[in-house]
Amino acid sequence: MSIYTGLVIKPMLAKTVREPFDSEEYLFELKWDGTRCIALIDGQRVKLQNRRLRDITYRYPEFNNLIRSIKSKTAVLDGEIVVFHNGKPDFEKLQRREQVESRQKIDLLSSLLPATYVVFDILYLNNKSLVKLPVVERKRILKENIELSEHLVFSEDYSSGKRLFSEAIKRGFEGIMAKHKKSPYLMGKRSEYWLKIKKSSDMDAVVCGFLKGEGLRKKLAGSLILGAYYKDELVHIGQVGTGLSAGELQQFIKMARRFKANHPPCKDLPYLKREAQWLRPEIVARVRFLQWTKDRKLRSPVFLNFRFDKAPEECVIED
């Protein structure tokens with residue numbers, strides 16, 4: 001029977017900590033900026049599954065030969081799909097791979113922007129589950145049963161988290177992972193066994209409006225529409241919903257009533273899937289984010305607090 005039959009793999013998740021650390025109880029790896037991917041291999045074909053359990057095999061024809069890199073009949077691997085540029089993962093180039101559906105374009109981009117599978121764990125081998133073994137043992141088994149190739153590399157582990165984090169940031173990576181050496185593989189769960197430590201930046205942004213909420217946020221706001229001044233113009237830089245508590249949303253809705261507007265105050269707006277309420281540019285929010293994209297949008301913003309001591313004109317994008 002194929003290992004694909006009835007087998008659902010939910011990737012193990014990690015908790016976030018703010019500062020890198022050293023510990024003999026943990027091993028440390030680079031945090032790869034890509035798409036999380038479970039690879040199911042049964043000797044005849046490869047199936048790729050993302051963290052939302054969707055089959056993404058068709059997007060990466062260059063991974064059809066992963067079968068040749070596995071020394072066993074069947075295996076289930078965990079790793080990250082990345083597109084490298086100048087020696088480091090380039091998330092924007094990977095997004096180009098993720099957004100095409102045409103088979104012709106997929107084949108073209110597999111040549112122009114080839115992907116690499118960075119493998120860091122093994123969950124099954126020859127139909128035998130390994131998830132209860134400690135991660136150090138799983139990594140040993142993984143190394144013994146794969147052969148590296150053009151599209152398959154191994155995520156090495158290191159003993160010093162502080163040193164690796166410093167080197168990772170210098171090289172342009174987004175951070176590191178810390179994994180307890182005794183960690184089992186907890187499918188779909190987030191625990192202290194796996195920790196992620198990421199670089200981040202803070203900035204003040206103008207609240208240009210908000211997207212109407214859904215579900216528990218129906219009477220509040222789904223996310224805040226953010227802007228900042230660039231060359232004396234207020235431009236859109238993204239939305240933020242993560243980090244906002246119910247109390248903060250209620251506080252915001254009360255404030256927003258005083259600043260309602262009929263038109264957006266900022267330029268460079270993308271298509272918005274939900275109804276928006278626009279505001280005069282009077283409210284300032286503090287956000288933390290990973291990095292800027294090339295089109296001046298915030299990557300993975302998280303709301304920190306409102307800034308009542310800051311003038312909107314002070315929210316500037318620095319070159």
Considering residues, nucleotides and ligands other than K88, do more than 12 of their heavy atoms fall under 6.0 Å from its NZ?
-> no
Identify whether the distance between the nearest side-chain nitrogen and carboxylate oxygen of K196 and E174 falls below 4.0 Å.
-> no
Check D33 against P89 and note the closest heavy-atom contact, atom names and distance.
-> O-CB, 3.6 Å
Under the salt bridge (Lys or Arg N to Asp or Glu O under 4.0 Å) rule, what pairs show up with a residue in residues 112-133, not counting sequence neighbours?
-> D121-R138
Of all the heavy-atom pairs spanning L94 and G34, show the shortest one and how long it is.
-> CD2-CA, 3.4 Å
Over 12 foreign heavy atoms within 6.0 Å of CG, N126 = yes
Any side-chain heavy atom of F154 within less than 4.5 Å of one from L148?
-> yes
Do Y193 and K181 have side chains that get closer than 4.5 Å, going by heavy atoms?
-> no
Check whether any side-chain heavy atom of C37 sits under 4.5 Å from a side-chain heavy atom of Y117, and report yes or no.
-> yes
Carboxylate-amine/guanidinium contact K179 E25, below 4.0 Å | no
What pair of heavy atoms forms the shortest contact from P265 to L234, and how long is it?
-> O-CD2, 3.7 Å
Should W32 and F173 be marked as a ring-ring contact (aromatic ring centres under 6.0 Å, His included) after you check the CA-CA gap, both sets of side-chain angles, and the distance that decides it?
-> CA-CA 7 Å; W32 302 94; F173 284 75; 5.5 Å; yes
Residue that, paired with K297, satisfies side chain to side chain donor-acceptor pair (under 3.5 Å) out of Q239, Q291, H236 = H236
For residues 255-272, pull every pair meeting salt bridge (Lys or Arg N to Asp or Glu O under 4.0 Å), keeping only residues two or more places apart or in separate chains.
-> E233-K267, D268-R296
Does a side-chain heavy-atom distance below 4.5 Å link V135 with H180?
-> no
Pairs touching residues 235-246 that satisfy salt bridge (Lys or Arg N to Asp or Glu O under 4.0 Å), sequence neighbours left out = none
Shortest non-hydrogen separation from V83 to L113 and the atoms involved | CG2-O, 4.0 Å
If you measure from the Lys or Arg side-chain nitrogens to the Asp or Glu carboxylate oxygens, is any gap between E144 and R140 under 4.0 Å?
-> yes
Considering only distance and modelled atom types, tabulate donor-acceptor pairs under 3.5 Å from the side chains of residues 157-165, sequence neighbours left out.
unit_1	atom_1	unit_2	atom_2	d
S160	OG	D22	OD1	3.0
S160	OG	R163	N	3.2

Going by the angle between their ring planes, with limits at 30° and 60°, are F252 and F306 parallel, tilted or perpendicular?
-> parallel
Are any of the side-chain heavy atoms of Y26 and F21 separated by less than 4.5 Å?
-> yes
Side-chain heavy-atom pair I56, Q49 within 4.5 angstrom cut-off | no
Return yes if a side-chain donor-acceptor contact under 3.5 Å exists between N127 and T74, otherwise no.
-> yes
Between E29 and S155, does any side-chain donor sit less than 3.5 Å from a side-chain acceptor?
-> yes
Using a cut-off of 6.0 Å, state whether more than 12 heavy atoms not belonging to K105 lie near its atom NZ.
-> no
Can you give each donor-acceptor pair under 3.5 Å made by side-chain atoms of residues 6-14, sequence neighbours left out, with the distance rounded to 0.1 Å?
none

Can we say E101 and R59 salt-bridge, meaning some charged N sits less than 4.0 Å from an Asp/Glu carboxylate O?
-> yes
side-chain hydrogen bond (donor to acceptor under 3.5 Å, both in side chains) partners of D78, counting only residues at least two apart | R36, Y185
Would you give the length of the straight line joining atom NZ of K198 to atom CZ of R288, rounded to the nearest 0.5 angstrom?
-> 11.0 Å
Does some side-chain heavy atom of W292 sit less than 4.5 Å from a side-chain heavy atom of R299?
-> no
Sub-4.5 Å side-chain heavy-atom contact between M203 and V287 | yes
